[in-house]
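To start, the structure itself, in structure tokens.
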Amino acid sequence: MNTASTSPRIAIIGSGIIGAALAYALAKRGASVTVVDEGVPANRATGGSFAWINAHRPEDAEYFALRLESMRLWQGLVAEIDGLPVRLGGALNWEGPERIEAVAKALDEGGNTARLVSRARIREMEPALAAPPEVAIDAPLEGVADPDRIAEALLIAAAALGAEMRAGVRVTGISEVNGRVTGVETSGGPVEAERVVVAAGRATPGILAGVGVRLPMKTPLGLLMRTTPVPRLSERIFTSDALHVWQMDDGRLILGEDFGGSDVGSEAERAEVEARVIGRAQTAFAGVPLMLDASTVTARPVPEDGYPAVGRVPGLDGLFVATMHSGVTLAPVMAREVASMVLDDADAGVLARYGVERFG
Ligand SMILES: Cc1cc2nc3c(=O)[nH]c(=O)nc-3n(C[C@H](O)[C@H](O)[C@H](O)COP(=O)(O)OP(=O)(O)OC[C@H]3O[C@@H](n4cnc5c(N)ncnc54)[C@H](O)[C@@H]3O)c2cc1C
């Protein structure tokens with residue numbers, strides 16, 4: 001195990017869920033960590049996320065296994081960090097009814113313990129659902145993280161182990177000498193480090209461009225709505241073609257909707273979408289009046305091919321990257337693997353196929 005006196009100094013750019021989870025994983029191993037963020041934790045994708053922790057792409061077995069492993073690691077983090085705002089209360093999913101049986105089978109065979117449940121069973125499990133579907137996939141290992149609090153909670157746990165957080169400090173460049181990283185330049189002066197990890201979400205391509213590395217990224221928008229608090233309806237998350245919803249600990253419902261990659265449109269169009277989403281939730285939970293409290297539209301950081309961009313950055317020793325969609329699901333496994341690369345000089349291992357070099 002490395003100790004603070006022998007391990008390199010590490011600077012992490014970004015305190016969203018990826019930077020925060022990595023800071024915790026590194027600090028737990030005794031490393032010297034400084035997290036630099038131009039804002040506050042969760043000011044970007046993490047705070048605007050639907051935050052469903054899931055494994056739902058069985059057609060890509062390796063990627064599916066990675067997500068599944070991360071779900072398991074979330075269980076460990078929940079046990080380890082007191083009050084971590086993560087609830088692994090299970091999910092009920094009835095997207096694409098025509099292929100639901102095949103999906104349930106593939107999920108289960110892949111290790112995401114899932115089974116089909118009938119309407120009668122759903123009524124018993126979820127009495128608040130007014131019109132349950134005929135059949136759904138019950139995925140008991142899945143869950144949610146509170147998007148408002150998760151990054152901060154991980155950073156607090158990291159700080160308790162010695163990690164330093166510098167909020168409100170913008171990184172303006174990576175410093176290097178003879179092809180080796182020496183730290184980062186920031187609006188608050190230089191931060192010296194032998195290893196730098198760029199976990200800046202959708203700002204990552206710009207930072208990497210500064211050292212001549214290409215990371216093409218898509219940034220499709222997603223809408224997240226919060227209702228005012230209502231009495232406890234469920235511990236589960238519900239996802240269907242028409243509905244993405246779960247209830248926060250304080251009683252508010254979180255509702256998610258994407259725009260199919262298109263723009264949000266005018267204010268009137270956005271209001272129309274919001275009314276439609278609330279309307280569907282109201283139909284699902286007919287017993288309680290729902291009122292919109294707040295809504296955000298946030299860009300998702302999605303590397304061009306949809307998969308994470310993570311690992312060593314070629315051409316500059318000591319520079320690493322970790323940016324992706326499904327970062328809420330993937331944060332623990334990414335943190336563990338990147339920490340191992342940074343501290344043990346380990347191979348990319350299960351992350352080998354996700355290196356930025358694939359973009360040429
Ligand atoms: C609407 C929506 C729904 C989603 N749903 C899910 C879901 O259900 N399940 C799931 O797993 N994932 C989901 N995601 C994806 C997930 O939220 C992201 O993958 C994840 O939050 C990315 O975290 P991050 O730490 O990489 O980036 P971010 O949270 O964006 O954090 C990046 C940080 O870097 C900082 N930064 C940027 N540039 C600089 C700089 N120059 N100097 C200093 N700091 C800088 C920013 O201030 C920010 O705090 C969703 C995302 C959205 C938007």
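As the structure lists them, so they are numbered: ligands from 1, and atoms in each ligand from 1.
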**OP:** Tell me, please: is Val169 in heavy-atom contact with ligand 1, that is, under 4.0 Å?
**Re:** yes
**OP:** Before signing off on this row, confirm whether Ala203 and ligand 1 have an N or O atom pair separated by under 3.5 Å.
**Re:** no
Original post:
Among all protein non-hydrogen atoms, which one is nearest to atom 43 (C) of ligand 1, and what is the separation to 0.1 Å?
Top reply: Glu38 N, 3.1 Å
Original post:
Can you list every side-chain hydrogen bond (donor to acceptor under 3.5 Å, both in side chains) pair that touches residues 210-229, not counting sequence neighbours?
Top reply: Asp148-Arg226
Original post:
Heavy-atom contact under 4.0 Å between Ile17 and ligand 1?
Top reply: yes
Subject >> Per-residue contact class, Leu330 against ligand 1 - non-hydrogen pairs under 4.0 Å >> reply: neither
Original post:
Can you tell me which residue and heavy atom of the protein come closest to atom 1 (C) of ligand 1, and the distance to 0.1 Å?
Top reply: Gly48 O, 3.3 Å
**OP:** Identify, for atom 10 (C) of ligand 1, the protein heavy atom at the shortest distance, and state residue, atom and that distance.
**Re:** Ser326 CA, 3.4 Å
Original post:
Does Leu141 belong to the same Ile/Leu/Val/Met/Phe/Trp/Tyr cluster as Tyr63, with side-chain heavy atoms less than 4.5 Å apart forming each link?
Top reply: yes
Subject >> Heavy-atom nearest neighbour in the protein, as seen from atom 8 (O) of ligand 1, with distance rounded to 0.1 Å >> reply: Trp52 N, 3.0 Å
Original post:
Does a salt bridge link Arg180 with Glu176, judged by any charged N lying under 4.0 Å from a carboxylate O?
Top reply: no
Original post:
Who's the nearest protein heavy-atom neighbour of atom 40 (C) of ligand 1, and how far?
Top reply: Val171 N, 3.8 Å
**OP:** Could you tell me whether Pro147 approaches ligand 1 through its side chain, its backbone, both or neither, with non-hydrogen atoms closer than 4.0 Å?
**Re:** neither
Subject >> Nearest neighbour in protein (non-hydrogen) for atom 24 (P) of ligand 1 >> reply: Ile18 CG1, 3.8 Å
**OP:** For ligand 1, note which part of Ala199 has a heavy atom under 4.0 Å away: side chain, backbone, both or neither.
**Re:** backbone
Subject >> For atom 53 (C) of ligand 1, closest protein heavy-atom neighbour >> reply: Arg300 CG, 3.5 Å
Subject >> For ligand 1, the portion of Arg202 having any non-hydrogen atom under 4.0 Å away >> reply: neither
Original post:
Considering residues at least two apart in sequence or located in another chain, which fulfil the side chain to side chain donor-acceptor pair (under 3.5 Å) criterion with Glu124?
Top reply: Arg121
Original post:
Below 3.5 angstrom, do we get any N/O pair linking Asp37 and ligand 1?
Top reply: yes
**OP:** Distance to 0.1 Å, residue and atom name: give those for the protein heavy atom nearest to atom 50 (C) of ligand 1.
**Re:** Ser49 OG, 3.2 Å
